[in-house]
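Every value quoted in this text rests on a predicted model; they were computed, and no experiment measured them.
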Amino acid sequence: FPVTIATFVTPVINNSEFASKCINFHLENSPMNIIVLYDEGTPEDYVINERVTYVKNQHGRHFPKILNQLIKACPTEYVVYVNWRYRPTYEQHEHAFSKLNEGFGCVDLSGPLQYTAFSKHLISVIGFFDERFVGGHCVDWDIMFNLYYYDIAHYNIDICYGDFSLGSP
């Protein structure tokens, strides 16, 4: 999969020990660079590695703003958002990118916003996450609604939805 154009992003909340285990797992199981949004301590409290970039959380637990901050910090065309509790394998990453290359605009391998891969082109079509949703409970409905509204092909595990015309940018 296109390592040079994808960045793996994950937020960590108040648990540097668990987060460090998560980061080490991702370093061992993916060649992608990683952006970690953290809210406590300093980057030195986490894993130090040339493939890991740390961004300070500016928004508390306001999940839509956290997601938007991660997407904006991503220097690559593709974004792979992974919940910090999810542990994808190299094969799962390959599977996600094969589906993006088939023309899906968004790929979820474990339900919405557990493992979600998409291009920044998708964000230019549907917009960033709606920051009016203060809690994190409506963000998955926000992206799902926009995918259906704009009729964008969405791959969710082995369920396919929508029009495949968006394709890759």
Side-chain angles (χ1 to χ4, degrees), residues 1-13 15-38 43 46-55 57 63-64 66-126 128-129 136 139-140 142-144 146-147 152-169:
F1 55 92
V3 176
T4 58
I5 59 170
T7 302
F8 182 86
V9 297
T10 189
V12 296
I13 309 295
N15 192 331
S16 62
E17 181 182 347
F18 186 77
S20 293
K21 289 178 185 176
C22 168
I23 295 163
N24 280 325
F25 177 88
H26 296 310
L27 286 169
E28 293 169 10
N29 290 282
S30 167
M32 286 185 277
N33 290 329
I34 302 169
I35 296 176
V36 176
L37 189 82
Y38 70 98
Y46 301 92
V47 175
I48 301 301
N49 185 291
E50 62 201 25
R51 289 180 31 219
V52 181
T53 301
Y54 291 93
V55 176
N57 179 358
F63 194 56
I66 288 172
L67 288 173
N68 291 340
Q69 184 179 357
L70 283 166
I71 293 166
K72 290 173 185 174
C74 182
T76 54
E77 178 55 32
Y78 288 94
V79 178
V80 179
Y81 168 78
V82 178
N83 180 300
W84 68 315
R85 294 174 195 92
Y86 191 72
R87 302 290 191 269
T89 64
Y90 187 87
E91 291 76 19
Q92 287 173 305
H93 290 302
E94 284 183 321
H95 183 62
F97 278 97
S98 74
K99 294 300 175 188
L100 288 172
N101 288 331
E102 286 178 23
F104 288 94
C106 182
V107 175
D108 286 317
L109 295 185
S110 182
L113 299 176
Q114 297 300 310
Y115 179 109
T116 303
F118 55 90
S119 71
K120 286 187 176 178
H121 176 67
L122 174 71
I123 299 301
S124 73
V125 174
I126 69 171
F128 282 97
F129 289 93
V139 177
D140 50 352
D142 179 33
I143 191 170
M144 295 303 292
N146 282 317
L147 290 168
I152 295 171
H154 170 233
Y155 180 87
N156 187 348
I157 306 171
D158 286 319
I159 304 168
C160 307
Y161 306 98
D163 177 11
F164 293 80
S165 65
L166 182 68
S168 298

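In terms of heavy atoms, Met32 sits closest to Phe97 at SD-CE1, 4.3 Å. Nearest heavy atoms, Ile48 versus Pro43: CD1-O, 3.5 Å. Of all heavy-atom pairs spanning Val107 and Lys99, the tightest one is CG2-CB, 3.7 Å. The heavy-atom pair separating His93 from Asn29 by the smallest distance is CD2-O, 3.8 Å. Scanning all heavy atoms of the two residues, the minimum distance from Met144 to Asp108 falls at SD-OD2, 4.4 Å. Among all heavy-atom pairs drawn from Ile71 and Lys120, the shortest one is O-CE, 3.4 Å.
A donor-acceptor pair under 3.5 Å is formed between the side chain of Asn68 and the backbone N or O of Phe129. Judged by distance alone, the side chain of Glu77 and the main-chain N or O of His121 form a donor-acceptor pair under 3.5 Å.
Taking the six-membered ring where the residue is Trp, the centroids of Phe118 and Tyr78 are separated by 6.0 Å or more. Remark: aromatic rings of Tyr155 and His95 are close, center separation under 6.0 Å.
Between the CG atom in Leu122 and the CG atom in Leu147 there is a gap of 6.0 Å [rounded to 0.5 Å]. Note that SG of Cys106 is 7.0 Å distant from CD1 of Ile126, once rounded to the nearest 0.5 Å. Atom CG of Leu67 sits about 11.5 Å away from atom NZ of Lys72, to the nearest 0.5 Å. Expressed to the nearest 0.5 Å, how far NE2 of His26 lies from CZ of Arg87 amounts to 5.5 Å. A distance of 9.0 Å separates CG of Asn33 from CD of Glu50, quoted to the nearest 0.5 Å. From Ile143, atom CD1 reaches atom OG1 of Thr116 across 6.0 Å, with rounding to the nearest 0.5 Å.
Inter-residue side-chain proximity for Ile35 and Leu70 is flagged as met; some heavy-atom pair is nearer than 4.5 Å. Inter-residue side-chain proximity for Phe25 and Ser30 is flagged as unmet; no heavy-atom pair is nearer than 4.5 Å.
Partners of Leu27 under the side-chain contact (heavy atoms from CB on, under 4.5 Å) rule, at least two apart in sequence or in another chain, are Ile23, Asn24, Ile34, Val47, Asn49, Arg51, Val52.
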Q | Verdict with reasoning, Ile152 to Phe104, per side-chain contact (heavy atoms from CB on, under 4.5 Å) | A | CA-CA 7 Å; Ile152 295 171; Phe104 288 94; over 6 Å; no

